[in-house]
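Protein chains get the first letters and strands the later ones, always in sequence-line order, with residue 1 at the start of each. Atom set for the values below is all heavy atoms of this structure, side chains included, hydrogens, waters and symmetry mates excluded.
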Amino acid sequence: MRFLLPSLLFAAAAAHAADPTESDYYPIQNIPNPANLVLETGAITHTPDGRVFAATRRGDVFQILNPLAPDIAQAKLSLFASGLHECLGLAWKKDSLYVTQRPEVTRLVDEDGDGRADLFETVSDAWGISGDYHEYAFGSEFDRDGNLWVALCLTGSFGSSVDYRGWALRVTPEGKTLPTVCGVRSPGGIGFNAVGDAFYTDNQGPWNGSSSLKWLKPGSFAGHPGGNDWFKLTQEIGPRPPDPHDNSRMVTERQRVPTLVPPAAMLPHARVGQSPTAIECDTTRGKFGPFHNQLFVSDQCYSNITRVSLEMVNGVYQGVAIPFLENFTSGIIGMTLTPDGHLFAGGSDRGWGSRGGKPYNLDRVAWTGKTPFEILDMKAAPDGFTLHFTAPVNPAAASNPASYAMEAWTWAYRAEYGGPEVDQLRPAITAAQVSPDRLSVKLRVAPLTKGHVHYLKSPGVLSGDGLHLLHQDAYYTLNEIPGA
Amino acid sequence: MSLSRLSLFLFPALLGLPLHAEDLRTVTIRTPAGQMKYDLSVITAAPGSQLKLVFENLDEMPHNFVLCRPLPDKADKGLELAQLAWQLGAVGMEKAWIPDSPRVLAHTGMVAPHQQESLVIKVPDQPGSYPYVCTFPGHAMAMNGELRVVQQGPRFTALDYQLFLGDWQALPDFAALTPHRRGPIPDRLLTIELEGLTQHFALRYDATLEVPADGEYTFFLASDDGSALSIDGQSLIKHDGIHPASEVRSQKVALKAGTHPVRLDYFESTGEEQLYLAWSGPSFSETPLSRWVHPSRVPGAQDKAPQDDFTGIPLAPANGEAIIYRNFITETSPRGIAVGYPNGVNLCFDADQMAPSLFWQGAFMDAKRHWTGRGEGAQPPLGYNVLHIAPPGPALAFLPDPAAPWPAKTARAAALHFKGYHLDAKRFPTFRYQIGPVAVEESYQPEGTAAQNNLHFTRTLRCQAPAGTPTLHLRAAAGSLRPDPTGWAGPGFHVAAPSAFLRGEELLLPLAFPQGSATATLTYHWTP
């Protein structure tokens, strides 16, 4: 039988061989796994002295030996601990590894130095588990004050049958556990931005029209009232907020519910992903490319990473989500970025399918040193947006408003699962002004709509070298209009 | 075709399919841990053939494999023979539980845990169903299966090929071509692997078939690319053109007893190449006439596992170390910590109520429920002799007065704090927790052996408390308990607990703290 399809594909690929792709800048390499260990990665962390650990949904913790070796074939896996219950958080502090597993945060210590943990010390188990598989616990690294944050999935999608399901807690260095944020639905990961504020990802579902990246502002309400009965157990963050009205809008309910903090960046469902997970801030000062202080957010379903650049306007975070890197071989759940610029990412497709197609993965991404032509960030202005680019633009193309197009919408804020995109608008781009250094463009946009995602497409923008943007789509969540 | 050629060629070998009665076939049958089953419920063989059987015992107890003649009047699954073995009584062990019976056709010895044994079986000439069974007393009800002896038809009595080279999109006019090579195929099974060619060739096979009796016969043909079959010069199946071998076409034909000429034409353009031809008749089941067996076609019945749930993810201790499995475990709070010890005893510690919830023997845990899909629900132990030494609830309590009822549940946040565990050199855990002012370290030593029938746990609690802490009580066991000279006998277990006392159905052991520390040592034996 003849192979017709592959030869056609080859011809198609050959025609565009000159166009750069993501892998020209950020190639994905698989950590060797000759023993076929089941690496259903749930969390990854690194230590100050360059060790890397990965924990799995099956409850194993592996140390990656030689994790930073230039030749990835030198990397090896060594079992550090096993017998844990669905590991979804890893952190390191003073010779101890902290695992967030379903029932607790546990400190693991290799006391006898044989490469395997001997001490499994419960640090906090101050939340309930009822036996429902959905009751996941995602753990963070340590914040600047030494707290470890835990985000607790609801019991199922709607309710909270045991203590603090649907909350985010902080475990202090003294071992106290402080209820910190309510309104969590189905988290996928927790991380911190460059100034140390905590964020988590929440998945599309009830009261979440789309998945998003949310700020864990202490004392705030993240939007899903299903866990708010647990205010009866704590005065830590004040009184129970009023429940939001069903079938409303986030901007409307923010008026009624003062502690409701809107998502910092919507991750539009079925556009950039479908199940966001880990959050990793690039603090490598250029070792991982031009995106210093920006956030990388992985997605389990789409097996990809989206880049988020935030700014604070009128006291709330907001910003832009731009596709960054796709084609991981399984659904990413855990990530860590080492100071020398190695991003480790891994995950699993168990229970929730992923585009990658493999049951699990553990990969390493390094920057090749070539700078992709990208929108570096997008900032809101009273009358539009300012784009910054990673390389000078072709001024003729970038100053032509027809090089861009914009749509805007929001999602119904409702108790029903997910939400349609609603209140669609087509804002007009009336002017595009290129800066003298050709590294930024000021777009004049009307109307700007508070609470809407403003989706910018830039197909006509070219670099000085004549390249198209590696990613032409940018989704800006306009919670607040500056100066308004 | 995109399927790997290698895997398709290996397929019949992997399944151990009977390619022909003349071949010695190897079948491996296993006893997975803790399931009291064979992993094959049906094995197929040709009458009069030789079958090499490899018996692997993956379980924690001994098993055997005994092949029996069927009873003349009923299918008994070998249970009557197993009953004879049971009646051997004390001498049964010496005889490896093999009764003196003409029904025994072949058998292994008693195969110890994690051992294996092979035997070569002369398959009976008479087609039929021959039960096999484990005759170790008590096993046969679950551990049985069936050797299905299925008649195979004859293969060609002569087979010659002509090989042609060329690039065709359909079967060529062979008569107009000159063969590149020609000759006999000694094993008389069709094969396209003649010169290692993988593209641009065609074959014409001429064969003779000895039809055993007048009757209706069915031919089965699949090929990649095109092929055409004719018998006695009459076209029977034609599947020309370029296509994969996924479709098996069949056609019935009435044939007289005696010799019939068969012609098969075949060509391969590019890509994958396969050829499958088989026949069946009134006295035999589908029998391949080609060396390659189509993956969807299995002559006779296939060796098969009894059910899908057989392929679990059994966890077992290794290297003399304990194994830990934290998950949702039956009759335990969601904070279950199961521990499998290397000598075949296991327990589950409830890190919510700080109590042992289950003891059991044999295989540890099957992780399939939690490690496939989303992991819903609670999993029971994989082994047997599961003991509940007490109902769910805390093992330790401060009783306000001697008659106060034992608490059904203690609120964790208020009075119970789990502190984790420490693993020793054999990775045996010592659990650490706090009840009120009392810090407890609780550990279990698995002792005894299955062979000596004296498996037991020694349970030790070491408590530290401020001097003057009121007396704490340990509920050592609960249920129907009878005192005996060494302790108390409960349902399926015996507990020795010095200084314990019976309060109704509860065996309580006081822990007093005049000096600030207290230790309790208890032993739990399984009893018949």
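For A/Ser303, the side-chain contact (heavy atoms from CB on, under 4.5 Å) test picks out A/Phe328, A/Ser354, A/Arg355, with sequence neighbours left out. For B/Thr410, there are no side chain to side chain donor-acceptor pair (under 3.5 Å) partners, not counting sequence neighbours.
For the pair A/Arg350 and A/Tyr360, the cation-pi test (distance below 6.0 Å, angle within 45°) is failed.
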Side chains of residues 339-347 of chain B: which donor-acceptor pairs under 3.5 Å do they make with residues two or more places apart or in other chains?
unit_1: B/Asn343; atom_1: ND2; unit_2: B/Gly448; atom_2: O; d: 3.3
unit_1: B/Asn346; atom_1: ND2; unit_2: B/Trp360; atom_2: O; d: 3.3
unit_1: B/Asn346; atom_1: ND2; unit_2: B/Gly362; atom_2: O; d: 3.0

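Annotation: B/Phe349 is not in aromatic contact with B/Tyr421 [ring centroid separation under 6.0 Å not met]. Outside the 6.0 Å centre-distance limit, the rings of A/Trp92 and A/Tyr98 are not counted as a close aromatic pair.
Contact count against chain B (heavy-atom pairs under 4.5 Å) is highest for A/Gln101 among A/Glu86, A/Gln101, A/Glu135. Ranked by heavy-atom pairs under 4.5 Å with chain A, the first of B/Ile324, B/Ile323, B/Asp424, B/Leu315 is B/Ile324. Per-residue counts of heavy-atom pairs under 4.5 Å with chain A were compared for B/Trp371, B/Phe418, B/Tyr325; the largest is that of B/Trp371. Note on A/Glu40, A/Arg57, A/Glu104: by heavy-atom pairs under 4.5 Å with chain B, the leading option is A/Glu104.
Of the two parts of A/Asp132, only the backbone, made up of N, CA, C and O, holds a non-hydrogen atom closer than 4.5 Å to a non-hydrogen atom of chain B. For a residue to count as touching a neighbouring chain, one of its non-hydrogen atoms must lie under 4.5 Å from one of that chain's; by this rule A/Arg107 does not touch chain B.
Within residues 326-334 of chain B, the residues having any heavy atom closer than 4.5 Å to a heavy atom of chain A are B/Arg326, B/Asn327, B/Phe328, B/Pro334, listed by residue number.
Note: B/Phe359 and B/Tyr444 have perpendicular aromatic rings, judged against thresholds of 30 and 60 degrees for the angle between ring planes.
Ion pairing between B/Asp352 and B/Arg412 holds under the 4.0 Å rule for side-chain N and carboxylate O.
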